[in-house]
Engineer: 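Got a structure for you, questions after.
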Amino acid sequence: DGGITQSPKYLFRKEGQNVTLSCEQNLNHDAMYWYRQDPGQGLRLIYYSQIVNDFQKGDIAEGYSVSREKKESFPLTVTSAQKNPTAFYLCASSSGTGGENEQFFGPGTRLTVL
Amino acid sequence: RKEVEQDPGPFNVPEGATVAFNCTYSNSASQSFFWYRQDCRKEPKLLMSVYSSGNEDGRFTAQLNRASQYISLLIRDSKLSDSATYLCVVRPGGSEKLVFGKGTKLTVNP
């Protein structure tokens, strides 16, 4: 059953702690993305990766880091430098980055900073 | 002008109604357009791509007007299960990234 998985579904973090969100896909997609969604807001792009061992900053990369060591995996670390980390984090993948390549989303992780 | 702008909503309609959502985009070189649906506290899911000639999928019709930089989604014979937030999504010309509108919330009432 092909798809994108994210874990955990809910995550609570104390201020000053780094936390890593997992994203795995078995769709054999080359491109992967991380978005953040705040209430009443559109999705904002944090980082994206078009191929293994390469990634680019999105619109709001400050306070976040990523790695792409394997095609299937694109973990996101929310660092203590991120001032307002409480949000709904969505991972997506697509077979390419241009044209009609739509993005497919994982179920998301809700991060709350206590 | 925002890159992608949608009707703010919310829309509240009775079952069986026809409802239309509008969306405008600022980059005239944009090449790809999509409508996604997002249920409350869930991930967005692709509803349909939008083609230049317009396209239909059952009760859903999407249209693109490149001259006016305008996209629309028409839902006929609304069902309770159509209640969701509808996201207009655009790929600006030459970009690997998608730009998402804030979404329009639809509630279909019995």
Side-chain angles (χ1 to χ4, degrees), chain A residues 3-7 9-10 21 23 25 27 29-51 54-61 68 86-112, chain B residues 1-10 21 23-27 29-55 57 62 64 71 73 84-105:
Chain A
I4 304 172
T5 57
Q6 291 185 242
S7 62
K9 188 172 181 179
Y10 298 96
L21 281 57
C23 177
Q25 55 98 358
L27 300 168
H29 283 171
D30 288 314
M32 297 186 74
Y33 310 80
W34 274 106
Y35 294 90
R36 166 184 175 138
Q37 188 175 35
D38 294 281
Q41 300 296 314
L43 276 68
R44 292 185 290 167
L45 183 64
I46 303 172
Y47 269 98
Y48 67 104
S49 168
Q50 298 178 67
I51 55 171
D54 188 41
F55 49 83
Q56 287 80 40
K57 292 182 179 179
D59 302 315
I60 55 164
R68 187 85 187 278
T86 294
F88 186 37
Y89 289 87
L90 289 156
C91 178
S93 70
S94 66
S95 55
T97 54
E100 297 297 326
N101 289 299
E102 65 265 29
Q103 294 179 14
F104 299 89
F105 285 84
T109 293
R110 291 194 179 274
L111 173 64
T112 302
Chain B
R1 184 179 180 182
K2 293 181 182 175
E3 282 194 272
V4 177
E5 203 150 8
Q6 296 186 239
D7 283 348
F21 301 135
C23 172
T24 56
Y25 60 94
S26 60
N27 187 323
S30 296
Q31 292 297 319
S32 305
F33 310 90
F34 309 91
W35 283 102
Y36 277 73
R37 167 198 170 122
Q38 186 174 24
D39 292 294
C40 188
R41 301 180 69 81
K42 299 285 189 181
E43 75 274 23
K45 293 185 178 179
L46 180 68
L47 180 65
M48 57 199 305
S49 300
V50 186
Y51 302 118
S52 296
S53 54
N55 47 301
D57 183 2
L64 169 64
I71 308 157
L73 176 68
T85 296
Y86 290 83
L87 307 176
C88 175
V89 184
V90 174
R91 188 190 308 281
S95 175
E96 309 97 350
K97 301 181 283 186
L98 295 180
V99 179
F100 288 76
K102 291 185 179 181
T104 302
K105 185 175 181 180

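Any value given below was found using the heavy atoms of this structure, including those in side chains, with hydrogens, waters and symmetry copies removed. Lettering follows sequence order; numbering is per chain, from 1.
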Engineer: Could you tell me whether the side chain of B:Cys88 reaches within less than 4.5 Å of the side chain of B:Tyr86, counting heavy atoms only?
Structural biologist: no

Engineer: Under a 4.5 Å heavy-atom cut-off, does chain B meet the side chain of A:Leu90, its backbone, both or neither?
Structural biologist: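 Side chain of A:Leu90 only, per the 4.5 Å heavy-atom cut-off to chain B.
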
Engineer: Of all of B:Leu46, B:Thr85, B:Leu98, which one pairs up most often with chain A through heavy atoms under 4.5 Å apart?
Structural biologist: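 Top option by heavy-atom pairs under 4.5 Å: B:Leu98.
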
Engineer: Fit a plane to each ring of B:Phe21 and B:Trp35, take the angle between them on a 0 to 90° scale, and name the class: parallel (under 30°), tilted (30 to 60°) or perpendicular (over 60°).
Structural biologist: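 The rings of B:Phe21 and B:Trp35 sit tilted, inter-plane angle from 30° to 60°.
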
Engineer: Between A:Arg44, A:Gln37, A:Arg110, which has the largest tally of heavy atom pairs under 4.5 Å with chain B?
Structural biologist: A:Arg110

Engineer: Below 30° counts as parallel, above 60° as perpendicular, anything between as tilted: where do the rings of A:Tyr33 and A:Tyr35 land?
Structural biologist: parallel

Engineer: Measure B:Gln38 against the heavy atoms of chain A and call it side chain, backbone, both or neither at under 4.5 Å.
Structural biologist: side chain

Engineer: Which heavy atom of B:Lys102 sits nearest a heavy atom of A:Gly42, and at what distance?
Structural biologist: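 B:Lys102 and A:Gly42 have their closest heavy atoms at CG-N, 3.7 Å.
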
